[in-house]
Protein chains: 2
Amino acid sequence: MRVRQLAEKLGVSADTVRYYTRIGLLAPTKSTANGYKFYNIREQSCLRFILSARDLGFSVEDITQIIAKADDGQSACPTVRRLIDKRLHETQQRYLDMLRLRKRMLAAVDSWDSKEDKAPTGNQICYLIEEFIEVEVGSETK
Amino acid sequence: MRVRQLAEKLGVSADTVRYYTRIGLLAPTKSTANGYKFYNIREQSCLRFILSARDLGFSVEDITQIIAKADDGQSACPTVRRLIDKRLHETQQRYLDMLRLRKRMLAAVDSWDSKEDKAPTGNQICYLIEEFIEVEVGSETK
DNA sequence: ATTGACCTGTGTGCAGCTCACAGGTTTAGA
DNA sequence: TCTAAACCTGTGAGCTGCACACAGGTCAAT
Ligand SMILES: [Zn+2]
Ligand SMILES: [Zn+2]
Ligand SMILES: [Zn+2]
Ligand SMILES: [Zn+2]
């Protein structure tokens with residue numbers, strides 16, 4: 001199997017497969033004739049694992065560690081439990097950040113609906129942005 | 001004002017100010033004597049604007065466009081309205097992605113609580129991940 | 001003059017891919 | 001058999017928004 005065939009089989013781009021190969025997560029054999037990389041069934045199941053872990057929020061570095069443990073013959077489960085706890089906290093944080101940002105953006109759009117366009121002055125670049133922040137900072141203290 | 005003073009005044013790192021300077025969002029005068037960059041009051045208010053826009057979810061590229069419009073003497077308001085709509089959709093999407101991911105991660109952690117650690121086999125790297133995905137994919141179709 | 005603390009600009013690194021590009025391979029046609 | 005176009009490959013670079021490393025400059029105290 002060459003890179004494109006593997007990629008299509010598992011529904012990712014060939015570049016993604018190349019990337020995982022480049023960083024050492026996949027280790028295809030190198031054809032002697034033309035230098036093309038050759039992925040066997042073992043690489044395929046490894047990629048499947050990588051994609052599953054990715055979908056659970058593990059970073060590429062996490063996956064590297066997990067695979068290294070397993071390749072070493074040890075159980076990766078403790079590592080997996082430890083790492084997902086960390087990533088879960090991060091995901092939670094990012095989720096909250098997105099939520100707050102979304103709220104702020106919606107408030108801005110809403111308040112801008114009743115405001116007209118204005119040309120910039122020497123002091124202001126865009127009064128929509130500058131005045132919205134002032135209002136928001138003020139209302140945050142109450 | 002030199003880079004550090006400006007940075008501390010507005011509560012960001014000196015590297016952040018240097019970054020905005022590097023990409024042309026800030027244009028300090030260059031001291032002839034020692035090559036140090038000098039930020040005046042105008043650069044300061046420009047940085048304040050940049051930070052306000054950043055907090056509203058605008059990208060650096062967005063901010064570049066907005067400032068360019070204003071520097072050109074035109075109203076940046078239409079640009080601002082158009083761009084925030086785009087960024088709002090993206091933020092919404094990322095928010096939903098985080099929400100789904102969080103849910104998936106929580107489900108994994110929950111189901112793993114009652115499972116023991118296992119050593120890897122020739123076919124499996126970590127059964128926690130591999131079997132959770134199978135279960136999840138199955139339950140998605142019902 | 002010298003030490004040391006602090007500051008500066010520039011270059012590089014980061015995740016997780018994606019894109020650009022020069023060249024090799026395969027295939028269809030003549 | 002030759003050729004030309006379509007397709008594929010590996011490698012290198014680029015993306016965002018900074019943060020860090022580093023060699024050297026500056027300044028106050030000795
Ligand atoms: Zn925890
Ligand atoms: Zn405006
Ligand atoms: Zn819309
Ligand atoms: Zn395991």
Side-chain angles (χ1 to χ4, degrees), chain A residues 1-39 43 47 49-67 83 86-87 90-91 93-94 97-98 101, chain B residues 1-39 43 47 49-67 83 86-87 90-91 93-94 97-98 101:
Chain A
M1 250 180 171
R2 293 189 315 197
V3 58
R4 169 154 298 244
Q5 294 165 43
L6 174 58
E8 280 180 2
K9 199 159 183 179
L10 295 197
V12 293
S13 79
D15 277 325
T16 297
V17 175
R18 277 194 269 262
Y19 169 66
Y20 293 146
T21 304
R22 192 142 35 169
I23 63 172
L25 273 186
L26 295 175
T29 56
K30 206 161 186 173
S31 163
T32 49
N34 51 16
Y36 286 7
K37 278 142 182 166
F38 185 82
Y39 300 84
E43 300 307 317
L47 176 55
F49 177 80
I50 292 168
L51 298 179
S52 300
R54 187 184 68 166
D55 286 349
L56 272 173
F58 291 101
S59 73
V60 167
E61 167 61 21
D62 293 343
I63 300 173
T64 304
Q65 284 186 40
I66 293 167
I67 292 182
L83 288 175
K86 199 154 76 175
R87 300 304 163 212
E90 290 172 9
T91 301
Q93 187 57 55
R94 282 207 304 229
D97 289 346
M98 286 304 116
L101 177 57
Chain B
M1 249 179 168
R2 294 189 315 198
V3 59
R4 169 151 300 241
Q5 294 164 44
L6 174 58
E8 280 180 0
K9 199 157 182 179
L10 295 197
V12 293
S13 78
D15 277 326
T16 298
V17 175
R18 277 194 269 262
Y19 169 65
Y20 292 147
T21 303
R22 191 141 36 168
I23 64 173
L25 273 186
L26 296 175
T29 56
K30 206 161 186 172
S31 162
T32 49
N34 49 17
Y36 286 8
K37 277 141 182 165
F38 185 83
Y39 300 83
E43 301 307 317
L47 176 56
F49 176 80
I50 292 169
L51 298 178
S52 300
R54 187 184 69 167
D55 286 349
L56 272 174
F58 291 102
S59 73
V60 167
E61 167 61 22
D62 293 343
I63 299 173
T64 304
Q65 284 186 40
I66 293 167
I67 292 183
L83 288 175
K86 198 154 78 176
R87 300 305 163 209
E90 290 172 9
T91 301
Q93 188 56 55
R94 281 208 303 236
D97 289 346
M98 288 304 116
L101 177 57

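A, B, ... follow the sequence lines: proteins, then strands. Residue 1 opens every chain.
Taking only side-chain nitrogens and oxygens, A/Lys37 never comes nearer than 4.0 Å to OP1 or OP2 of D/dC8. Taking 4.0 angstrom as the limit, A/Thr16 places none of its side-chain polar atoms (N or O) nearer than this to OP1 or OP2 of C/dC17. Regarding contacts with the backbone of C/dT18, a side-chain N or O of A/Ser13 is found under 4.0 angstrom from either OP1 or OP2. Between A/Tyr20 and C/dC17 there is a side-chain N or O to OP1 or OP2 distance below 4.0 Å.
B/Leu25 places its CG atom 10 Å from the P atom of D/dG17, with the value rounded to the nearest Å. Counting to the nearest Å, the C1' atom of C/dT18 and the CG atom of A/Asp15 are 6 Å from each other. When rounded to the nearest whole Å, the span between CZ of B/Arg4 and P of C/dC6 equals 10 Å. Distance A/Gln5 CD to D/dT9 C1': 12 Å, rounded to the nearest Å. With rounding to whole Å, B/Leu47 atom CG is found 14 Å from D/dC18 atom C1'. Computed from coordinates, the A/Tyr19 OH to D/dA13 C1' distance equals 15 Å when rounded to whole Å. To the nearest angstrom, C1' of D/dC18 lies 13 Å from CD1 of B/Ile63. Between A/Glu90 atom CD and C/dG16 atom P the separation is 10 Å, expressed in whole Å.
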List every contact pair, protein side and nucleotides 22-26 of chain D side both N or O, where the distance is under 3.5 Å.
none

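A/Arg94 has no carboxylate O lying under 4.0 Å from a charged side-chain N of A/Asp97, or vice versa, which leaves the two without a salt bridge. B/Lys86 has no carboxylate O lying under 4.0 Å from a charged side-chain N of B/Glu90, or vice versa, which leaves the two without a salt bridge.
The base of D/dG12 lies close enough to the side chain of A/Arg22 for a donor and an acceptor atom to sit less than 3.5 Å apart.
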Could you check B/Leu47 against B/Tyr39 for side-chain contact (heavy atoms from CB on, under 4.5 Å), going step by step and ending with a plain yes or no?
CA-CA 10 Å; B/Leu47 176 56; B/Tyr39 300 83; over 6 Å; no

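When distances run from any side-chain atom of B/Lys30 to the nucleotides C/dT8, C/dG16, C/dT10, the shortest one goes to C/dT10.
The nearest heavy atom of DNA chain D to A/Ala14 and to B/Phe58 marks one nucleotide each, and the one closer to the 5' end goes with A/Ala14.
If you run side-chain contact (heavy atoms from CB on, under 4.5 Å) between B/Glu43 and each of B/Thr21, B/Leu26, B/Val17, only B/Leu26 comes through. None of B/Asp62, B/Val60, B/Ile67 except one satisfies the side-chain contact (heavy atoms from CB on, under 4.5 Å) rule with B/Thr64; the exception is B/Val60.
The two residues A/Thr91 and B/Met98 come nearest to each other via the heavy atoms CG2-O, 3.8 Å. Shown here for B/Leu25 and B/Ile50, the closest heavy-atom pair between the two residues is CB-CD1, 3.9 Å.
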